Each structure stands twice: as structure tokens, then as C-alpha cells.
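Notes follow once the structure below has been shown.
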Number of protein chains: 2
Amino acid sequence: MTIEKSVTICPSGGFCFGVKRAVEIAETTAKTNKNKQCRTLGPIVHNKKVSERLEREGVKIVIEPEEMSSGILIIRSHGASPDVIARAKKQGLEIVDATCPFVKRIHGIAVKLSEEGIPVIIVGKYDHPEVQGILGYASGERYVVNSDSDIMNLKGLKKAGVVAQTTKTKEDFLRIAGYLLDAIPECHVYNTICSETLKRQKDAAALASVSDVIIAVGGRHSSNTSRLFEIVKKFCPKSYFIEELAELKKDWFENSKKVGIVYGASTPLEDVLEIKSVVEDILEISRIPLI
Amino acid sequence: MTIEKSVTICPSGGFCFGVKRAVEIAETTAKTNKNKQCRTLGPIVHNKKVSERLEREGVKIVIEPEEMSSGILIIRSHGASPDVIARAKKQGLEIVDATCPFVKRIHGIAVKLSEEGIPVIIVGKYDHPEVQGILGYASGERYVVNSDSDIMNLKGLKKAGVVAQTTKTKEDFLRIAGYLLDAIPECHVYNTICSETLKRQKDAAALASVSDVIIAVGGRHSSNTSRLFEIVKKFCPKSYFIEELAELKKDWFENSKKVGIVYGASTPLEDVLEIKSVVEDILEISRIPLI
């Protein structure tokens with residue numbers, strides 16, 4: 001039996017609901033406020049091309065609200081801490097909130113838990129902007145746990161509320177939450193991994209398990225592409241993480257027939273299609289031209 | 001090296017706090033109400049001798065409140081459902097509540113969860129009186145889960161509060177709670193296994209792991225002795241469950257040197273000491289008489 005050569009793009013990937021929404025909000029804000037400075041607090045997505053396009057449309061990036069003296073500050077899908085927003089308001093800036101509703105929901109949970117005096121545990125990466133934002137809403141006792149060993153710092157907690165960074169892998173979250181149940185007698189666990197993330201992780205695992213080579217495409221700083229990469233590596237040892245086409249190496253594909261491409265929430269489909277086309281050339285797959 | 005023969009009683013065992021308290025309440029109630037009928041709703045402990053002693057002191061057992069036309073109904077440490085208590089009050093009975101405070105706490109959790117519209121999941125044995133009591137306090141959606149397969153019935157729950165029967169093994173509870181975390185996005189987990197139960201389970205496992213034979217002593221219907229028996233069996237294959245001395249078989253101890261005795265929350269120490277003495281005779285351990 002001859003196995004046909006193929007390059008398959010993972011059926012779920014690319015800009016997620018929250019990112020699409022944030023880009024649209026930024027574009028609309030810029031269009032309808034041509035007389036005002038429009039800035040996003042940090043890059044709206046971890047993607048150079050999109051950042052460059054937004055810049056052409058008038059939306060530049062600031063890292064701190066204090067970099068602006070007037071105009072509109074757009075909060076990206078990751079959200080921001082309430083004290084950062086307070087600082088922006090103090091600067092006299094107008095706020096346009098493009099925080100992903102899934103992240104907004106976690107902010108609400110953190111506020112509710114803190115009001116009830118329940119310590120908040122965020123399962124995620126401490127320095128990720130989403131986690132930093134959530135931390136800001138947890139006004140009482142709060143912790144970030146990213147790995148099993150971090151749990152050692154939580155000794156003696158009698159109760160806790162547990163939330164997940166929206167892009168955490170389900171496997172990691174459930175394992176860590178399981179340890180927390182053992183350590184903390186009253187544990188309010190909110191699985192806040194977003195449904196799109198869950199679907200991507202599932203689809204990526206399925207594709208990796210039938211592929212000889214996997215190319216994971218996404219920004220180096222993209223948390224969700226990193227998680228996807230962790231998953232595909234388990235199912236396909238020949239998995240490679242690239243940010244752009246130029247990084248692709250021909251020798252990765254030697255003796256390979258089935259290539260899969262997975263891509264993160266901040267990767268535009270056009271980049272992926274370009275990579276697909278180049279890999280097809282490397283594999284010498286003949287394409288029927290679209291007329 | 002000669003291994004010394006020994007019979008060791010597990011350092012924790014016997015009447016737990018809740019059972020001791022319930023027996024004392026029953027005895028005090030009978031003493032101070034000699035002119036009234038005093039009855040417990042079901043046996044106060046799963047132990048014949050104690051039941052017989054209480055009967056001599058005037059405290060008999062009823063199964064339903066309707067068996068009494070007047071007098072005092074004592075609610076045992078397991079607790080009872082509010083509708084059973086309502087039935088007793090309708091009969092004109094006086095209620096003396098000897099429900100274990102650890103169980104009472106679970107009733108409170110079940111009420112709070114139900115008031116908040118959160119379905120209640122009890123990890124425990126459906127027909128155990130403690131579980132039946134808790135179920136009565138869960139006025140909304142409610143489930144009992146005793147094994148992994150029971151989780152199949154919970155499909156589609158968006159949120160749930162999870163409590164444990166106080167005598168559940170920690171291992172079982174954590175495994176089942178872990179499955180629930182995977183199935184239910186918002187899971188409020190209260191580890192309500194009582195601290196004495198946890199200590200007993202730990203001590204029983206430690207003793208079993210260094211014993212050739214384990215004798216588990218307790219009433220056939222005693223849930224907590226059954227759990228202890230499950231634990232010791234894992235660490236010591238030659239483990240036997242007996243209700244009373246007469247069931248002990250000499251050939252269980254052939255070629256054995258280290259014997260351990262574990263006993264449940266409803267087993268009096270006097271029974272255990274008697275068994276210890278007989279096993280010492282079987283092993284031909286010479287005892288220095290106490291002068």
C-alpha cells in the first residue's frame with residue numbers, strides 16, 4: 001500500500017473569538033476616532049503582520065498608560081489589571097475594553113472569591129498578561145501555580161478558589177487541580193480554559209497522532225501556541241515550532257509523507273497557507289491549480 | 001535475626017468523637033427523663049453490646065418515628081433527613097439531636113448549595129443513613145456517587161457542589177472528585193471526610209504494611225470498618241473482617257509473627273482487648289501478668 005503524501009492544516013486554529021473581536025474593536029475604534037490617538041496596551045495579538053497592519057490603520061502599541069497624555073487606550077483580549085486601568089484614567093485617557101469575555105468571566109470569579117474572603121489560585125504562567133490581569137482582580141490572598149512543585153507554597157490553606165488561564169492545557173489543569181483537592185479541604189474549582197482552546201488541543205492531538213512531522217506556527221511569545229506545541233510533541237516526536245516561513249528547514253521532512261500544521265490563536269490563516277504551499281513543494285506534491 | 005511475635009492494636013480506632021458524644025447524649029437523656037420513653041432512630045452504633053447496654057438503661061431502638069406515640073426521639077450521630085424529623089414532630093415527639101457535628105456541617109453545605117441552585121453530589125453509599133440524611137437537606141438537584149461508573153449519570157452538569165460521606169476513604173474521594181472536575185466546569189469540592197477517619201485510615205495502612213495478618217473488628221453494617229478493611233487488604237493480603245471473637249479462626253495465624261488489629265468507629269476497646277488476648281494465646285506469646 002502506498003501512503004499518499006499530504007499536508008494537513010489543523011481544522012481548528014488561527015485567531016480565536018477573543019482575538020478576532022479585539023482586532024475588530026481596535027480597527028473600529030481607530031476608524032471612528034480619527035482625531036484621537038488610539039493605542040493598545042501591549043500588542044493586541046502576538047503577530048507582527050497584524051501589529052503592522054493595525055499600525056498602518058493608526059493603532060500603535062504602548063506598554064504603560066503613562067506613555068500617552070490623551071486619547072484612547074484599548075485593552076486587548078488578555079485583559080488588564082484594574083490598577084492599570086485606574087492609572088490610564090488618571091492620565092485622562094478614554095478606555096475601550098476589548099478584553100475577551102472568557103477572560104472577563106475569570107475577573108468576575110476572582111472578584112467574587114475575594115469578596116467572600118476565599119484565596120484565589122490561578123493555574124497559569126505568572127508573567128502572562130492574562131494572569132497578571134486576573135491577579136489584579138483578586139484583591140485578597142492570591143497565588144499563581146504553573147507546575148506541580150508550585151503547590152508546595154500553598155501549605156495550610158483551608159479553602160481556595162481555583163481558576164485556569166484560558167489557554168492552559170486541560171491535562172495540566174486537571175492534574176494540578178487534583179493535587180489542590182488533596183491539599184485544600186474546600187476547593188472551588190472553575191475550569192476556565194476556553195472552549196476554543198479545548199477544541200484546538202483535541203484537534204492538534206488527533207492530527208499529531210497521524211502525522212510524521214508537525215509544524216506549529218505562532219509567535220514566540222504566544223502562550224497558546226506553546227501549549228499546542230507541548231501537546232503535538234507527545235504524539236509526534238518530529239514536531240517543530242516556527243514563528244515564520246523563513247525558519248522552515250527542508251531536512252525536517254526527509255522520508256516523511258504526512259505533515260500536519262497546527263497554529264495558535266494569534267496566527268493568521270494566510271501565513272499558514274503560505275507554509276502549507278512551501279511544504280507541499282518540499283514533499284513534491286503536485287497541486288491542481290485553482291482556475 | 002529472630003522476629004519477635006507481637007499483636008499490635010492500631011493506635012487510632014474505636015468509638016469516634018461523634019459516636020462517643022451520641023452515646024453520652026442518649027445516656028444522659030435517659031437518666032434525666034426517666035418518666036418518658038427514650039428511643040434512638042436506628043441503632044446509635046453498629047455494636048450489639050452497646051445497643052444492649054443502652055436498652056438496659058432504657059434507650060430502645062425504633063426504625064420509624066411512627067412507632068412512638070410520645071416521648072423523646074434521639075437522632076444518632078449519622079443524622080437524619082429533615083422530613084423524618086418533621087414526621088417525628090408531627091407525632092408529637094420531642095427531638096434530641098445527637099448528630100455528629102462533622103455530619104451537621106455537611107447538612108449546612110447541602111442547604112447552602114441548594115439555596116444557590118447548585119446541584120449536590122454526595123460521594124458515598126446511597127443507602128447509608130448518613131447519606132440519606134444529607135440527601136434530605138439537598139432540596140434541589142442531587143446525586144449520590146459511590147464508584148467511577150456512577151459518574152456516567154451526571155452528564156451535562158454545568159456546576160456542582162461535591163461533599164463526601166465522613167467515612168469515605170480519601171483515595172476513593174480524590175479519584176472520584178478528579179473525574180468530576182473533568183466532567184463539570186464549575187465544581188465546588190468540600191472534602192468532608194472527618195479528620196478522625198483520615199487518621200484511622202493512615203494508621204491502619206501503616207500497621208497493615210508491617211503485619212503478616214490483620215484482623216479488622218467491627219459491625220457487619222459498619223461503613224467505616226468496611227473502609228478500613230479495604231485499606232488493610234491492600235497492604236496485607238491476610239486480612240480478615242470479624243464482628244466478634246467467635247469468628248476468629250486459629251489457622252489464619254499459621255506461620256505468622258506480626259498480627260495487627262484495626263477497629264472501626266463503633267467497636268468498643270474491650271472487645272478488641274479480648275481479641276488481642278486470644279490471638280496472643282494462639283501465637284503462644286507469653287504475657288507478663290499485671291500485678
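Residue numbering restarts at 1 for every chain, and letters A, B, ... go by the order of the sequence lines. Quantities reported herein were computed from a predicted structural model and do not represent experimental measurements.
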**Fill in**
Rounded to the nearest 0.5 Å, the CZ atom of A:Phe173 sits from the CG atom of B:Asp182 at a distance of 10.5 Å
**Request:** Count the heavy atoms belonging to other residues, nucleotides or ligands that lie under 6.0 Å from CD of B:Glu230, then report whether that count exceeds 12.
**Result:** yes
**Message:** Please find the pair of heavy atoms, one from A:Leu181 and one from B:Ala177, that lie closest to each other, and give the distance.
**Reply:** CD1-CB, 3.5 Å
**Request:** Determine the option with the most heavy-atom pairs under 4.5 angstrom with chain B, choosing from A:Ile193, A:Asn191, A:Ile184.
**Result:** A:Asn191
**Prompt:** Do other residues, nucleotides or ligands put more than 12 heavy atoms under 6.0 Å from B:Tyr240 OH?
**Reply:** yes
**Request:** Let me know if A:Lys159 has heavy atoms under 4.5 Å from chain B in its side chain, its backbone, both or neither.
**Result:** neither
**Message:** Take a 6.0 Å sphere around CD of B:Glu171 and say whether it holds more than 12 heavy atoms from other residues, nucleotides or ligands.
**Reply:** no
